[in-house]
Amino acid sequence: MSSSSGQTTQFRYTQTPSKVLHLRNLPWECTEEELVELCKPFGRIVNTKCNVGANRNQAFVEFADLNQAISMVSFYASSSEPAQVRGKTVYIQYSNRQEITNNKSSGDVAGNVLLVTIEGVEAGDVSIDVIHLVFSAFGFVHKIATLRKLLGFRYISALIQFSDAETASAARNALDGRSIPRYLLPEHVGSCHLRISFSAHTDLNIKFQSHRSRDYTNPYLPVNASAIEGTVQPVLGPDGKKKEPESNVLLASIENMQYAVTVDVLHAVFSAFGAVQKIAIFEKNGGTQALIQYPDITTAALAKEALEGHCIYDGGYCKLHLSYSRHTDLNVKRPRLHDPETGILPLQQGPGGAAHAAPGWQSPSSATAYPGAPPADRQMPPWDMSGMHPAAGRPPYGMAPSSGGFPSQGYPPPPPPPPASSGIPTQQYQYPPGGPRPASSADHPQGVSQQLPPPPPPPPYGRPTAQVVSQPPVYY
DNA sequence: AGCACA
């Protein structure tokens, strides 16, 4: 077979009409405007692709309708005057594709901020420090923000800001589709793949150093004890629809309250999402309602999302309906601190969890101690390396560290470790025989059951419950 | 002068 026959067949099928036209012999770096000027007499142009080919002198034009493309091709086929741009003859044929596979989709426009999703892991599995470690191999990571996702979904997403698009591209090219090294992951994680595209962001607005967000360029940024950062997500929904005004205080209506719901119970439930600052229970319209105050809106939103419609107890008992309160700071009139000696602490010191959740509950002063005031004398590395493989300090994948290296100094200590998902009130509570059982996953909508904190115990027998008090009892 | 992008 001669080698030339393959080349001729390559162009034979270009006679098949398409609403996409292929234009060649264009002047060098012909503009889209020139292209449109040439083609628009024949129909409505819906897409173009200019400066194609090694010489950047080819282009594609897509008409809204096939007939429009046909009219242009047949016009110039029978015209004595060839199509011209800047005096140069332009050759026009039907493209061998039926549509322009689009100009770069948004995620492919290189920028300095990457949108990373880590598939196959949950919120507690990959710390922001691990993410930082992995991406620092390619250059100085300025900021990281993990996106607010409903806990329990099998992926994490984060925005990672580099200084420039080149660095970000290098990280993307090297890591897209790859996995985070096993030694940086908890045992239980199976496969874990990175999917990386470019974000349209250029500068992330990080408000706090927390386990959800970091600004490695600003050592003075306050540390947020609740460890839930607040501001990367737009307030508007994806469709631009306005959401109800958010608040750091949730209003909970408790339906079908067959069992006592005390402040302790509510604290146990709501602390799983962040430090609960104040709780008030009161009667309204014959029903029981409660106000739960978090330090910030994001935490409240997280709790609201996760708990809405769920029952504290199995069997549809004490179903929660959550909305945002108009309050932002509850006016607590009759503070009643829990005395540790009475043994009625709402939370045991669960593994890793209650340690920082409890203070905000027992003592209002300690609740405000964390935000904005990291203890200056605390000597800690910029991130918690505990539990990491010793090799974790080196860039993964054998990459040479960037010239910037790791920002290993000058940053504030990290917030206290977040309650690991496994450490969220996995208590220790005895459910009394015959008492309500924890709500089973069958009660929950799909996918959400895992992060619903285990229900707290029914209150001890004989203890007065909150809902029978006619005056609104208010507690810290 | 002869078909891109993922």
Side-chain angles (χ1 to χ4, degrees), chain A residues 1-40 42-66 68-111 113-119 155 157 165-166 168-179 193-200:
Chain A
M1 294 301 158
S2 77
S3 58
S4 61
S5 64
Q7 286 185 349
T8 53
T9 53
Q10 182 181 348
F11 305 114
R12 193 162 290 152
Y13 54 78
T14 56
Q15 301 305 316
T16 307
S18 164
K19 57 185 176 6
V20 181
L21 299 183
H22 176 234
L23 297 86
R24 56 195 151 84
N25 202 36
L26 290 161
W28 183 77
E29 297 208 338
C30 165
T31 67
E32 185 182 27
E33 288 70 31
E34 290 171 310
L35 210 59
V36 169
E37 281 305 310
L38 176 69
C39 301
K40 76 176 182 191
F42 301 94
R44 186 167 66 88
I45 297 161
V46 295
N47 207 349
T48 63
K49 191 173 193 66
C50 309
N51 311 130
V52 168
N55 298 326
R56 301 176 68 76
N57 61 352
Q58 302 173 44
F60 297 92
V61 172
E62 180 177 340
F63 284 100
D65 191 88
L66 178 63
Q68 298 166 348
I70 291 174
S71 74
M72 182 165 183
V73 168
S74 45
F75 176 85
Y76 284 112
S78 57
S79 169
S80 54
E81 295 288 315
Q84 290 187 329
V85 171
R86 297 188 214 168
K88 238 187 141 201
T89 296
V90 176
Y91 299 88
I92 303 171
Q93 284 179 294
Y94 299 112
S95 170
N96 54 23
R97 299 189 195 180
Q98 292 302 307
E99 57 187 21
I100 292 179
T101 46
N102 232 359
N103 293 323
K104 291 186 174 174
S105 65
S106 56
D108 292 326
V109 180
V113 178
L114 295 178
L115 172 60
V116 177
T117 64
I118 309 170
E119 302 171 350
Y155 69 93
S157 41
E166 288 68 36
S169 297
R172 183 179 109 114
N173 293 337
L175 295 179
D176 191 21
R178 307 277 308 264
S179 297
H193 290 285
L194 296 165
R195 303 288 172 210
I196 305 177
S197 60
F198 292 104
S199 165

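Each chain gets a letter, A, B and so on, in the order the sequences are listed, and its residues count up from 1.
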Inter-residue atom distance A/T117.OG1 - A/H193.NE2, 0.5 Å rounding: 11.5 Å

Pick the nucleotide of DNA chain B nearest each of A/V20 and A/N25; which residue has the one closer to the 5' end? A/N25

When the distance from CG of A/N55 to C1' of B/dC3 is rounded to whole Å, what number comes out? 14 Å

Nearest whole angstrom, please: distance from the C1' of B/dA6 to the CG of A/N173. 13 Å

Name the closest nucleotide to the A/T101 side chain, picking from B/dA4, B/dC3, B/dG2. B/dA4

Is there side-chain contact between A/L38 and A/M72, with heavy atoms separated by less than 4.5 Å? yes

Rounded to whole angstrom units, what separation is found between the CZ atom of A/F198 and the C1' atom of B/dA6? 14 Å

The nucleotide from B/dC3, B/dG2, B/dA4 with an atom nearest the side chain of A/Q93 is B/dG2

Euclidean distance, atom CD of residue A/E29 to atom P of B/dA4 [Å, nearest integer]: 18 Å

Whole-Å distance between B/dA4 C1' and A/F60 CZ? 5 Å

Nearest-0.5 Å distance, CG of residue A/N25 to CD of residue A/Q84: 10.5 Å

Can you name the nearest heavy-atom pair linking A/D176 to A/R195, along with the distance? OD1-CA, 3.4 Å

Sugar-phosphate, base or nothing in reach of A/E62, heavy atoms under 4.0 Å: nothing

Mind calculating the distance between CG (A/N57) and P (B/dG2) to the nearest angstrom? 6 Å

Within this structure, what is the CG-to-P distance between A/L26 and B/dA4, rounded to whole angstrom? 15 Å

I need the CG-P distance between A/L21 and B/dG2, as an integer number of Å. 17 Å

Think A/Q58 has a side-chain N or O under 4.0 angstrom from the OP1 or OP2 of B/dG2? yes

